[in-house]
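Shown next, in structure tokens, is the structure this report addresses.
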Protein chains: 2
Amino acid sequence: MARAAGGDGPADGTDSPNRTDRTDGADGAEGVPGHAVEEIAAAWQRERPGTPVSSIGVVTPLWQLAKLFGDDRRRVLTAAGMDVATLDLLSVLRRAGSPYTLTTRELAARSLVSAGAVSQRVARAERDGLVTRRPGTGRPRSVLVELTDAGHQRVEATVDDVLGREAELLGGLSAEQQEQLAGLLRLLLADVRRRLGDDERLTQVGLLPQ
Amino acid sequence: MARAAGGDGPADGTDSPNRTDRTDGADGAEGVPGHAVEEIAAAWQRERPGTPVSSIGVVTPLWQLAKLFGDDRRRVLTAAGMDVATLDLLSVLRRAGSPYTLTTRELAARSLVSAGAVSQRVARAERDGLVTRRPGTGRPRSVLVELTDAGHQRVEATVDDVLGREAELLGGLSAEQQEQLAGLLRLLLADVRRRLGDDERLTQVGLLPQ
DNA sequence: AGGTCTAAATTTAGGCATGAACGTACTCCG
DNA sequence: CGGAGTACGTTCATGCCTAAATTTAGACCT
């Protein structure tokens, strides 16, 4: 997605050769394909000694990976006539199991998006016949959202593709590395969630990825 | 974020009690504050045996963490009269060192956003007097973007806050754990970038975080 | 030398998210 | 019992991004 316009053509494949002859000089180790993250912290240190760079080693790649995975998923889904937000919604309902019904309140909590966003997601999905909406009997103004057959089918048709693709992208890491990484991320997530969510009720989770 | 409307009130503290009396039954270990990621893979397995869930342990927390860090950063910056996209732009220029000038082409590559997004970011920043734009002498239609003094000051005023805050959020992990995590993320990032970017020139990096 | 090709930036259209204002249906207390 | 509170879903304005169309400036070939 750092891609410019121009569809899927051969694009600028003839790109790297004449790369270092431009504006440079202010750029250090540029042109090297894999210079990456370390360079960012180093640049801050060089330009602004004392900058608290300790977080960069974790946060930057985290960010980039999320962006890369997200963009990739979007592309996969667009090709299948689907979009990320809708799949997220449908997946949460699908995963919940029969009767595939949840309140918008829970949907918000499990999707990690705002209540307003859920309202809009559900409205779109309802317009497309993928879910239905009806008043619930529980709390005050509660609303129950239920997956339709069409919605059910849409999930079945795309989930494996998306998850399979992601597994493929993780293929560069060994099973142990993946496990180790998953463990550390889980640990960090729990801690961060406690620090933020604690007094801010990001309470539940159950998010995005499928 | 996952908050509804209505300011900062005590919100739904009285929430968990009457939670299981609604739609549930299809919800397993719900209500538990920290049920999290494992539950997602388990739910897929239960509902749809054979679903390729192997990636979930890594991708889901990755995603959630990026969202949490991103939202938090946005809040910090909003309070300071700044926004994430602009700080990203200014930071890249600041880090590049004197003369704090880069082409839009490079800005796009280093920010991991589309060319159109860069155009808009620069236009906004220029309108606010944070950067200037002028034709370059290099390639055909190249444009040089340079940080103004005002832009320079804006970076100085916010970077430490943002980075400091992030370091704080990482505080739950020991230095070794952070390092280990950083290493695995770096490894994965390099590999993913190769798989995607290789034939698609997400070539450069140098992204977001600060 | 001139026409065509190519690559880069910008513009435009559309999607989705946040946050704040609303409307409203229970709850709880006097 | 009745009125204020309060929690929840929706609506609205705004922001940012992607993808596609558009504009334009050099490069290359004959």
Side-chain angles (χ1 to χ4, degrees), chain A residues 1-15 18 22 67 70-71 74-75 77-79 82-89 103-109 111-126 133-145 201 208, chain B residues 1-15 18 22 67 70-71 74-75 77-78 83-89 103-109 111-126 133-145 201 208:
Chain A
M1 289 338 220
R3 306 232 20 215
D8 288 301
D12 43 24
T14 56
D15 197 39
N18 49 350
R22 261 161 313 109
K67 176 92 162 81
D71 286 348
R74 179 157 37 72
R75 262 174 280 151
L77 288 177
T78 297
M82 187 58 162
D83 68 272
V84 177
T86 302
L87 180 60
D88 185 33
L89 170 66
T103 61
T104 56
R105 198 183 142 59
E106 290 207 337
L107 288 171
S111 301
L112 221 52
V113 295
S114 69
V118 170
S119 218
Q120 295 174 35
R121 285 180 173 193
V122 171
R124 289 193 295 270
E126 186 179 40
R133 194 160 26 170
R134 64 175 192 277
T137 58
R139 295 147 166 267
R141 263 171 74 82
S142 82
V143 170
L144 293 176
V145 180
R201 131 246 39 231
L208 274 156
Chain B
M1 359 226 66
R3 306 231 23 216
D8 288 301
D12 43 22
T14 58
D15 198 39
N18 49 349
R22 258 160 315 111
K67 177 93 161 78
D71 285 348
R74 180 159 34 71
R75 260 173 283 149
L77 288 177
T78 297
D83 68 273
V84 177
T86 301
L87 180 60
D88 185 33
L89 170 67
T103 61
T104 55
R105 199 183 142 62
E106 290 207 335
L107 288 171
S111 302
L112 222 51
V113 296
S114 70
V118 170
S119 218
Q120 294 174 30
R121 285 180 172 194
V122 172
R124 288 192 296 267
E126 186 179 39
R133 195 160 26 171
R134 64 175 193 277
T137 58
R139 293 149 168 264
R141 264 171 73 83
S142 81
V143 170
L144 294 175
V145 180
R201 132 245 44 227
L208 275 158

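Residue numbers start from 1 in every chain, and the chains themselves are labelled A, B, ... in the order their sequence lines are given, proteins ahead of strands.
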Find every protein N or O atom lying less than 3.5 Å from an N or O atom of nucleotides 12-15 of chain C, and list the pairs.
from, atom 1, to, atom 2, distance (Å)
C:dT12, O4, B:Gln120, NE2, 3.3

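The side chain of B:Ala117 lies closest to D:dT18, out of D:dT18, D:dC8, C:dA8.
At a threshold of 4.0 angstrom between heavy atoms, the contacts of B:Thr104 are confined to the sugar-phosphate backbone, with no base atom among them.
For B:Arg121 and D:dC17, the shortest distance from a side-chain N or O to OP1 or OP2 is below 4.0 Å. Side-chain N/O atoms of A:Arg74 include one lying less than 4.0 angstrom from OP1 or OP2 on D:dA19. Between B:Arg105 and C:dA8 there is a side-chain N or O to OP1 or OP2 distance below 4.0 Å.
The side-chain heavy atoms of A:Leu89 and A:Leu107, taken from C-beta on, include a pair separated by under 4.5 Å. Here the side chains of B:Leu77 and B:Leu87 are in contact, with some heavy-atom distance below 4.5 Å.
Between A:Arg75 and A:Asp71 no salt bridge is recorded (no basic side-chain N to carboxylate O distance below 4.0 Å).
By the salt bridge (charged side-chain N to carboxylate O under 4.0 Å, His left out) test, B:Arg133 is found to be paired with B:Glu126, residues two or more places apart in sequence or in another chain being considered. By the side-chain contact (heavy atoms from CB on, under 4.5 Å) test, A:Thr86 is found to be paired with A:Met82, A:Asp83, A:Leu90, A:Leu130, residues two or more places apart in sequence or in another chain being considered. Residues that satisfy the side-chain contact (heavy atoms from CB on, under 4.5 Å) test with A:Arg124, not counting sequence neighbours, are A:Ala85, A:Gln120, A:Arg121, A:Arg127.
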